[in-house]
Amino acid sequence: MNIVEQNINEDDIGIPNQENEILIEVKDLTTYFYTEFGIVRAVDGVSFHIKKGEFFGLVGESGCGKTVTALSCINLVRFPGIIEGGQVLYKGKNILELKDKDIRKIRGAEISMIFQDPLSSLNPVFTVGEQIAEVIRLHEGVKKDEAIERAIKLMKSVGIPLARERVNDYPHQFSGGMRQRVMISRALSCNPSLLIADEPTTALDVTIQAQILEIIRTLQTDYGMSVLLITHNLGIIAENCQRVGVMYGGHIVETASVKIIFKDPRHPYTQALMAAIPRLDESIEKLQTLPGSVPDLIDPPTGCRFHPRCQYAKQTCSELVPVLEKWTKEHMVACHFHKEFNK
Amino acid sequence: MVTITQSSDNNLLELRNLSKLFPIYVKGVVRKTLIGYIHAVDDVSLDIKKGEIFGLVGESGCGKTTLGRVILNLLPKTKGEVTFDGSKIHELKSRKEELWFRKQAQLIFQDPYLSLNPRLTVSGIIEEVFIIHNRGMTKKERRERVNQLLNLCGLEDYHALRYPHEFSGGQRQRIGIARALAVEPQLIVADEPVSALDVAVQAQILNLLKDIKKRFNLTYIFIAHDLSVVRHISDRIAVMYLGRIVELAPAEEFVSKPRHPYTQALIAAIPIPDPTKDRKRIILIGDVASPINLPSGCRFRTRCNFAKQKCSEEEPKFEEITPGHFVACHFPVELTESLI
Amino acid sequence: MFESRTQRRKKKLLRKKYKKAEELSGNQLAIAFRRFRKNKAGTFGLILSVGVIFLALFADVLAPYDPSEYFLIFYPGYVPSYQPPGVNEGAELFDYTNYISDDSFEFPSLNEWELNGWERINLNASGIPGASAVNVFAARISSQGGSLTQGISVRQDSFFTDLSFRVYLNGTEETTLKVIFTYENKKDDQIELTFSENSWHSVNLALQDDYGFLVRNPEELRLENAATGSDVIVDDFDLEGGKYFRNTHFMGTNYKSEDLFSRLVHGARISLLVSFGAIIISLVIGLPLGLIAGYYRGRVDEIVMRLTDVFLTLPFYFVMILAIVVIQNTRWVDNLLIEMGLSAQVILVAVTFGLGIFGWMGITRLIRATIFQIREADYVEAARCIGASNRRIMLIHILPNVLAPLIVVVTLGLSANILVEAGLAFLGFTTEDLSSWGRELSNGFDYATVAWWSVFFPAILIIIAVMGFNLLGDGLRDAFDPRLR
């Protein structure tokens with residue numbers, strides 16, 4: 001892992017140079033859902049980038065657009081969702097403009113994904129070995145025996161005991177944690193350079209969650225893979241990620257390296273979010289709360305989407321949409337007044 | 001196994017050797033055959049003091065929800081007894097006695113979407129309480145009382161005439177709390193009341209629960225899987241593993257000096273939103289054992305990093321090792337460094 | 001271009017959104033019905049179902065003719081009794097000149113009658129007091145034995161021969177006529193018929209022997225005034241000159257020359273009566289069984305479920321046929337039914353009960369499953385927790401939530417019953433003198449190639465009714481679907 005001690009005022013925050021190369025860059029990504037209730041502006045002009053070998057987290061409350069962002073990154077948004085605009089540059093190529101055939105080559109091989117519910121993403125009528133081997137054969141065209149052999153190796157690497165025996169088991173014969181491991185080993189089967197993990201541990205118990213995150217972390221360092229971790233749990237972000245983007249109402253409101261953002265959150269929403277969570281290591285008498293509720297993305301507030309709940313809101317906030325501005329080199333904030341207040 | 005025998009006047013609720021087993025049948029052509037039991041709650045003895053918030057944590061399937069239901073007599077017990085304010089609540093005979101107990105203890109549910117009857121208005125949901133318990137009340141009085149309760153829980157008068165589906169998750173949970181408060185209970189069992197809610201809403205509900213606790217001098221049994229939430233709200237915390245309580249301690253001590261290896265792993269596994277902390281990681285091996293075929297001896301030994309021969313032979317007793325701190329472990333671990 | 005398309009879509013959806021918000025307020029049932037109204041297929045189904053019910057309720061007013069009135073016409077090329085949809089005018093349809101010497105022409109199923117062709121009949125009406133003429137028209141003439149035989153409509157199949165004709169008594173008073181059949185080796189048969197003056201009469205006579213099924217061809221048929229004994233001679237029967245009738249059968253007529261539309265309208269009454277009756281019987285059995293199985297579970301549930309299994313494994317049609325045969329051949333049942341005044345409708349009653357007794361399993365299973373679900377819902381537990389009694393939980397928390405799926409299953413059950421009733425009637429399990437859709441379909445089936453309307457219209461009506469109730473049921477299910485809440 002490459003977390004380097006950094007100071008807020010230091011302009012050069014850095015991860016070593018050879019890894020400073022950007023792997024995937026999302027620019028102004030906009031995805032709308034045309035539902036019968038109206039247009040849901042699920043993702044509205046989201047920009048961020050992930051460097052090679054970086055553990056990037058995307059955090060936000062439910063319905064803020066984090067999952068849709070991830071799906072849009074690999075052009076997997078289903079109707080009624082439509083990617084309205086923006087670019088997803090993966091190694092310089094815009095994924096959104098690639099042909100179906102070319103995207104399929106990238107999906108699963110170079111960018112793979114794991115989801116919250118492992119049972120529904122595994123086919124119940126095939127053994128897990130066959131399902132992992134299928135991905136390998138699809139992308140690399142090796143023989144079945146060889147693919148199964150590799151599947152066993154992969155299952156061992158994610159800590160599935162008795163992998164050789166269990167390779168012929170069906171998904172329902174595995175527990176929740178083991179299923180998620182199977183999913184991870186399938187995702188890793190072609191040595192992806194980016195792993196998108198969408199709430200991979202939300203359905204699991206904390207001790208199992210710790211196991212799974214440990215595996216992802218180890219694999220990330222071992223294979224030099226980049227990870228996009230989507231979660232609502234700030235604790236998971238703090239303990240695993242290097243950089244983080246905070247999403248609110250379809251916008252990214254703040255991105256920074258994890259160490260900086262937890263020390264000096266600049267956006268009022270990030271601040272409120274951090275003050276609202278009860279912590280294991282501190283005894284707080286009263287939690288700070290946010291008034292109101294998550295914005296309706298069909299009819300979002302004008303200007304800054306957070307302004308109706310923001311204690312610092314001024315006239316400008318309801319009129320102008322703030323853009324991500326540089327605060328320090330690795331710290332971007334989308335707030336009109338982020339310079340004026342302190343935590 | 002009983003280590004707490006003396007009861008004191010200070011206790012609102014006393015559980016003695018309480019067990020709840022669910023039989024499992026295999027269906028044959030003609031008859032069902034019993035093949036075993038799920039040990040949901042197994043020989044639990046506890047005292048809940050008046051006015052405290054008692055936190056109960058554990059992973060899914062450990063029996064914490066079942067324990068809550070048995071305490072409220074929503075599920076029959078298998079063995080043992082539950083004494084509330086001096087009466088054994090599973091042995092209440094008459095309807096009058098049952099209504100008395102229903103007025104004393106209430107439940108707050110996890111899923112705010114399932115806990116409100118979709119065919120009734122909010123006012124209808126809460127008024128039902130008065131229809132059952134306060135027969136003399138006029139409709140006008142009931143309405144007034146409903147409005148009072150709604151205001152107390154942060155809702156407005158006009159919400160009374162709406163249907164549950166018109167509310168957000170947090171608001172529904174407030175309605176659920178208002179319903180629980182309507183009987184003016186002494187004890188509230190809150191079963192994962194915030195786990196279905198977003199962070200910001202979760203904080204609102206936690207604050208609300210704390211406020212009304214102070215205001216009405218309530219006693220809570222707060223059941224949750226999220227230790228951070230439990231620690232935030234509770235005075236004492238107990239952790240359950242496969243139907244047993246394995247450790248019980250005052251909240252502060254529970255997180256700073258846990259003695260049971262399972263508690264330690266649990267605490268170490270909770271992510272803390274502070275990237276500067278370099279925490280010790282304890283990764284447990286494998287999954288929870290089946291609650292049907294329990295391991296011999298200590299139930300945790302299959303995953304325990306410190307398991308010895310004795311652990312598989314003898315069940316550890318639930319003993320007080322320092323005042324107020326109970327552990328069920330043969331070899332309680334002394335920590336050298338903090339886990340949080 | 002792209003922008004404007006999005007803009008347009010946006011506006012449209014915003015409008016929709018406000019509508020939706022309006023819709024989402026209020027009681028759940030109200031929402032369901034509002035949502036139902038938006039469902040086009042469901043609304044269409046509702047219209048169809050209401051239409052069919054309307055037909056059944058107002059059959060007497062809607063049917064243009066008495067369903068058992070015969071409208072005879074000979075139409076060369078067709079089996080005599082069937083008339084195609086449309087206006088049927090006697091004179092226009094009788095163009096004798098073309099057929100008078102056509103020896104090759106034969107009616108399809110009337111081989112035993114040697115036919116020479118068509119002739120004009122001139123009969124003297126002197127036998128009837130004050131009558132200028134008795135018009136027996138649409139007569140077919142056989143020259144057998146040298147005398148005239150006025151077999152007017154002849155339907156002959158393996159069971160019986162019947163003789164139908166239509167008479168217009170152009171007299172001043174009611175007259176009783178004697179119809180006399182003369183046989184070669186047997187004494188005459190005769191029957192007396194009373195006709196009122198100045199109106200048309202349809203006559204249908206079955207020719208049978210003492211055992212009731214043998215076919216006999218009369219040598220001669222005579223009409224006689226019963227009061228005076230004098231022959232009725234009909235003369236000056238001018239087919240080319242006058243339009244003796246003008247009937248509109250917009251669905252044509254059936255094999256008996258009955259107006260098909262009137263038959264079907266009255267048939268709707270029978271079909272719906274049987275279906276509704278059956279579903280009510282199913283409800284009476286199925287609802288309480290489902291409720292107790294769902295609420296008490298355990299052993300009770302086990303017994304009820306095995307009972308449904310037993311009923312589901314019984315072959316319905318076989319049991320039905322067996323039951324009807326047994327009922328018809330059991331004397332005491334017969335007597336009982338006669339006492340109850342139901343002897344004529346015995347088969348319909350049997351079919352209704354049969355459908356009801358074999359139709360409750362679905363209802364029981366649905367109610368049981370729904371209650372299983374609702375019992376586990378937190379709000380039922382919450383009600384128990386505030387001390388609500390079992391009765392209160394049943395009535396306030398469980399039953400209203402069962403209502404929605406119940407409405408759906410009843411609607412779908414109705415359409416299934418209509419279909420099965422038609423099937424049974426098609427197989428012959430229906431009451432002979434009452435019309436029902438399945439029976440009309442079955443009757444028309446034999447001559448479907450020549451008289452398409454006789455199968456087409458009954459089939460269409462069955463389809464409309466079944467589709468209507470099915471669409472209605474599906475629409476209601478969508479409207480109540482909790483996933484859309």
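Convention: sequence-line order gives letters A, B, ...; per-chain numbering from 1.
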Would you please indicate if the ring centroids of B:F300 and B:H260 are separated by under 6.0 Å?
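Under 6.0 Å, so yes.
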Which bit of [X] comes within less than 4.5 Å of chain B, counting heavy atoms only: side chain, backbone, both or neither?
| X | result |
| --- | --- |
| A:I236 | both |
| A:Q209 | side chain |
| A:E285 | both |
| A:E214 | side chain |

So which of [options] has the biggest tally of heavy-atom pairs under 4.5 Å with chain B?
| options | value |
| --- | --- |
| A:I261, A:V294, A:L273, A:V206 | A:V206 |
| A:P291, A:A276, A:A210 | A:A276 |
| A:I237, A:L213, A:N233, A:I208 | A:I208 |

Is chain A contacted by the side chain of [X], its backbone, both, or neither, given a heavy-atom distance below 4.5 Å?
| X | value |
| --- | --- |
| B:S60 | both |
| B:L227 | both |
| B:L206 | side chain |
| B:V255 | side chain |
| B:I267 | both |
| B:D226 | neither |
| B:Q202 | side chain |

Nearest 0.5 Å, please: how far is CZ in B:F167 from CZ in B:R172?
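Nearest 0.5 Å value for the CZ-CZ distance: 9.0 Å.
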Quick check for you: to the nearest 0.5 Å, what is the distance between A:D198 atom CG and A:D117 atom CG?
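If we round to the nearest 0.5 Å, A:D198:CG and A:D117:CG are 11.5 Å apart.
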Do other residues, nucleotides or ligands put more than 12 heavy atoms under 6.0 Å from B:K277 NZ?
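Buried by this count: over 12 neighbours within 6.0 Å.
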Take the angle between the ring planes of A:Y269 and A:F306 and call it parallel below 30°, perpendicular above 60°, tilted in between.
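Aromatic pair A:Y269/A:F306 classed perpendicular.
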Pair B:E247-B:T263, side-chain hydrogen bond (donor to acceptor under 3.5 Å, both in side chains): steps then yes or no
CA-CA 7 Å; B:E247 185 158 9; B:T263 318; 2.7 Å; yes
For side-chain hydrogen bond (donor to acceptor under 3.5 Å, both in side chains), just list the numbers for B:H159 and B:E166, CA-CA rounded to whole Å, side-chain angles, deciding distance to a tenth of an Å, and then say yes or no.
CA-CA 9 Å; B:H159 286 137; B:E166 296 170 65; over 6 Å; no
Counting heavy-atom pairs under 4.5 Å with chain A, which one of B:P271, B:A203, B:G61 comes out on top?
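Between B:P271, B:A203, B:G61, the count favours B:P271.
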Does the structure place the NZ or CZ of B:R231 under 6.0 Å from the centre of the six-membered ring of B:F254, at an angle of no more than 45° from the ring's axis?
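That pair does not qualify as a cation-pi contact.
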Test side-chain hydrogen bond (donor to acceptor under 3.5 Å, both in side chains) applied to A:D205 and A:T207, step by step:
CA-CA 6 Å; A:D205 281 324; A:T207 53; 5.9 Å; no
Would you say A:H251's side chain and A:Y248's backbone share a donor-acceptor pair under 3.5 angstrom?
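Not a single qualifying donor-acceptor pair exists.
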